[in-house]
Amino acid sequence: MTDNKKDLPSADGGDLQGAAPEQSSMPTTKTERSAKFVKTGFKIGGNYIKHYSKKLFNPDMDKSQLNEDNAADIYQSLSELKGSALKVAQMLSMDKNLLPQAYVDKFTQSQYNAPPLSGPLIVQTFKKYFGKNPDKIYDKFNIRSTNAASIGQVHQAELDGKKLAVKIQYPGVGDSISSDLKLIKPFAFRMLGMSEKELNVYMSEVEERLLEETDYELEVRRSIEFSTACANLDNVVFPKYYPELSSKRIITMDWLEGKHLKEFLATNPSQELRNQIGQALWDFYNFQQHELRAVHADPHPGNFMITPEGKLGVIDFGCIKEMPEDFYYPFFSLTSTNLLDNKEETIKAFRLLDMIRKDDTPAQIEFYYTQFKEMISLFAMPYIDDHFDFSQTEFFDKLFAFGERLSKMPEFKQARGVKHFIYVNRTNFGLYNILHELKAEVKTDTFKPHVVLEY
């Protein structure tokens with residue numbers, strides 16, 4: 001990282017795009033946070049009244065202004081609440097087929113530019129977990145954050161001549177996950193148009209991951225474990241972590257020099273360097289998926305840096321998704337073999353993954369078989385040959401068009417598929433999107449899936 005604030009890491013991945021005003025307080029109790037949601041709900045209700053009043057005089061008016069007004073009000077509320085509610089907004093902004101564009105545009109800010117907490121609140125956190133001010137722990141500590149995002153913010157420090165990044169979680173975030181998700185559920189229900197059952201599955205899996213992501217002691221252990229396991233990958237580097245300077249809500253790690261993806265691409269890097277970074281990303285993810293069976297499941301660009309030496313720096317292991325065998329084998333066998341050519345075995349795999357159910361009629365079995373086969377075939381395209389060019393737009397146009405088509409089918413208003421799809425799909429499509437931004441061509445057979453051809 002450089003001293004240019006645009007190049008600094010965020011507390012959970014975002015890079016800073018201009019400093020936001022500091023926040024001197026934040027709601028931490030269930031009552032305070034609930035009141036904030038209720039107030040936002042009233043604003044949204046008013047937006048709907050205004051929209052339908054105008055529509056009386058202009059029947060052809062679409063919902064674009066309504067979506068913009070609602071997105072702005074919801075984002076303002078979530079950015080002040082921070083925590084799991086804001087993290088969900090960040091996640092949804094990455095799943096571009098789930099939300100209207102106005103929400104995607106607004107919620108993307110949660111990856112980069114949430115209002116940071118003021119210095120006194122940060123000092124309180126250090127006193128709570130270390131019993132002393134940060135300037136008694138480090139030789140130097142910058143009380144102004146270099147970056148702020150949904151779960152915490154990063155400060156620069158020095159100790160024994162080493163430059164450090166200190167990630168500090170916002171007060172109350174880890175204790176308010178369950179209650180926050182219950183409060184955000186009505187907003188998500190309205191925005192996503194999911195069935196209640198599907199939304200419950202989504203929220204349950206998100207809650208499980210967020211409970212882990214807010215446990216910084218767990219993150220330090222995982223960061224050390226995964227960086228050690230991935231140490232032999234070409235062109236991938238990690239910061240060193242300091243457990244003795246970390247706690248349940250504070251992480252201290254080395255400061256990595258480098259640029260985030262947007263700044264890196266602005267330097268007009270050569271195709272060779274783009275390919276090198278793309279290959280490092282591909283190997284980083286596929287090694288984890290196929291050899292560790294657990295994967296870094298938060299693949300937005302802010303979680304990575306490109307170092308001056310042209311290596312991929314990974315700065316956040318807060319979100320890890322483990323893949324059990326009863327999910328891993330049927331899913332990746334479908335993506336990486338000719339199993340899809342065998343209808344009987346494909347349907348067996350779909351049943352194991354809860355994509356086709358025992359009470360489905362023959363017509364439903366045929367319908368879901370056809371749709372899911374097309375979906376898996378699209379997802380698997382990078383695996384078909386030993387190289388894939390992610391600069392091609394045709395592949396992504398097909399992916400988005402298919403997702404758009406599925407979102408309008410009434411058959412998909414009910415939950416289909418085991419819960420593991422939520423983060424595994426997010427991980428892989430997030431990886432594809434970063435590689436597309438890089439316009440990278442990568443060798444895709446470096447870490448092959450382990451497969452089973454019969455079920």
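Note that the coordinates shown come from a computational prediction; the quantities given were computed from them, not determined experimentally.
Proximity of the aromatic rings of His290 and Tyr285 is defined here by a centroid distance below 6.0 angstrom, and this criterion is not met. A distance below 6.0 Å separates the ring centres of Tyr432 and Phe390. Here Phe264 and Phe304 keep their ring centres 6.0 angstrom or further from each other.
Between the Arg351 side chain and the Ile356 main chain, no donor and acceptor come within less than 3.5 Å of each other. A donor-acceptor pair under 3.5 Å is formed between the side chain of Asn342 and the backbone N or O of Glu345. Between the Glu212 side chain and the Gly318 main chain, no donor and acceptor come within less than 3.5 Å of each other. With hydrogens and angles ignored, the 3.5 Å screen pairs a side-chain donor or acceptor of Gln288 with a backbone N or O of His296. Between the side chain of Thr444 and the backbone N or O of Pro382 there is at least one donor-acceptor pair closer than 3.5 Å. With hydrogens and angles disregarded, no donor-acceptor distance shorter than 3.5 Å links the side chain of Ser145 to the backbone of Gln153. Listed for the Asn303 side chain is no donor-acceptor partner under 3.5 Å among the backbone atoms of Pro299.
Listed by first and then second residue, the salt bridge (charged side-chain N to carboxylate O under 4.0 Å, His left out) pairs that reach into residues 269-287 come to none, sequence neighbours excluded. Residue pairs meeting the salt bridge (charged side-chain N to carboxylate O under 4.0 Å, His left out) criterion with at least one member in residues 381-393, sequence neighbours excluded, do not occur. The list of salt bridge (charged side-chain N to carboxylate O under 4.0 Å, His left out) pairs with a residue in residues 360-376, not counting sequence neighbours, reads Lys343-Glu366, Asp360-Arg416, Glu374-Arg405. Sorted by first and then second residue, the pairs that involve residues 432-443 and meet salt bridge (charged side-chain N to carboxylate O under 4.0 Å, His left out), not counting sequence neighbours, are Lys443-Asp445.
Using the six-membered ring where Trp is involved, Tyr328 and His450 have ring planes that are tilted, between 30° and 60° apart. Relative orientation of the Tyr383 and Trp282 rings is tilted, given thresholds of 30° and 60° on the angle between their planes.
A salt bridge does not link Glu219 with Arg222: every distance from a Lys NZ or Arg NE/NH1/NH2 to an Asp or Glu carboxylate oxygen is 4.0 Å or more. A salt bridge links Lys398 with Glu394: the closest approach of a Lys/Arg side-chain nitrogen to an acidic carboxylate oxygen falls below 4.0 angstrom.
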Using a 3.5 Å cut-off and no angle test, enumerate the donor-acceptor pairs between side-chain atoms of residues 224-231 and protein atoms at least two apart in sequence or in another chain.
from   : atom 1 : to     : atom 2 : distance (Å)
Ser227 : OG     : Ser223 : O      : 2.6
Ser227 : OG     : Ile224 : O      : 3.2
Thr228 : OG1    : Ile224 : O      : 2.7

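Partners of Phe396 according to the ring pair (Phe, Tyr, Trp, His ring centres under 6.0 Å) rule, which considers only residues two or more places apart in sequence or in another chain, are His436. Residues that satisfy the ring pair (Phe, Tyr, Trp, His ring centres under 6.0 Å) test with Phe331, not counting sequence neighbours, are Phe327, Phe379, Phe421. Every side-chain hydrogen bond (donor to acceptor under 3.5 Å, both in side chains) that Glu208 has, sequence neighbours left out, goes to Lys419. Partners of Tyr242 by ring pair (Phe, Tyr, Trp, His ring centres under 6.0 Å), not counting sequence neighbours: none found. Applying the side chain to side chain contact (heavy atoms under 4.5 Å, CB included) test to Thr337 and every residue at least two apart in sequence or in another chain returns Leu339, Val451, Leu453. Scored by the ring pair (Phe, Tyr, Trp, His ring centres under 6.0 Å) test, Phe287 finds Phe447 as partners (sequence neighbours excluded). Residues meeting the side-chain hydrogen bond (donor to acceptor under 3.5 Å, both in side chains) test with Tyr369, sequence neighbours left out: none.
Between the side chains of Asn286 and Glu291, no donor N or O sits under 3.5 Å from an acceptor N or O. Counted by atom type alone, Gln271 and Asn275 present one or more donor-acceptor pairs between their side chains at under 3.5 Å.
In plain terms, the two heavy atoms of Arg426 and Ala297 that are nearest each other are NH1-O, 3.0 Å. Taking each heavy atom of Ala294 and Ile320 in turn, the nearest pair found is CB-CG2, 4.1 Å.
With Tyr329 as the aromatic partner, Arg293 meets the cation-pi criteria of under 6.0 angstrom to the ring centre and within 45 degrees of the ring axis.
Here the CG-CD1 distance, from Leu273 to Ile306, works out to 8.0 Å after rounding to the nearest 0.5 Å. Ile177 contributes atom CD1, which lies 7.0 Å from atom CD1 of Ile151 (distance to the nearest 0.5 angstrom).
Counting only heavy atoms from C-beta outward, the side chains of His260 and Ile315 approach each other to under 4.5 Å.
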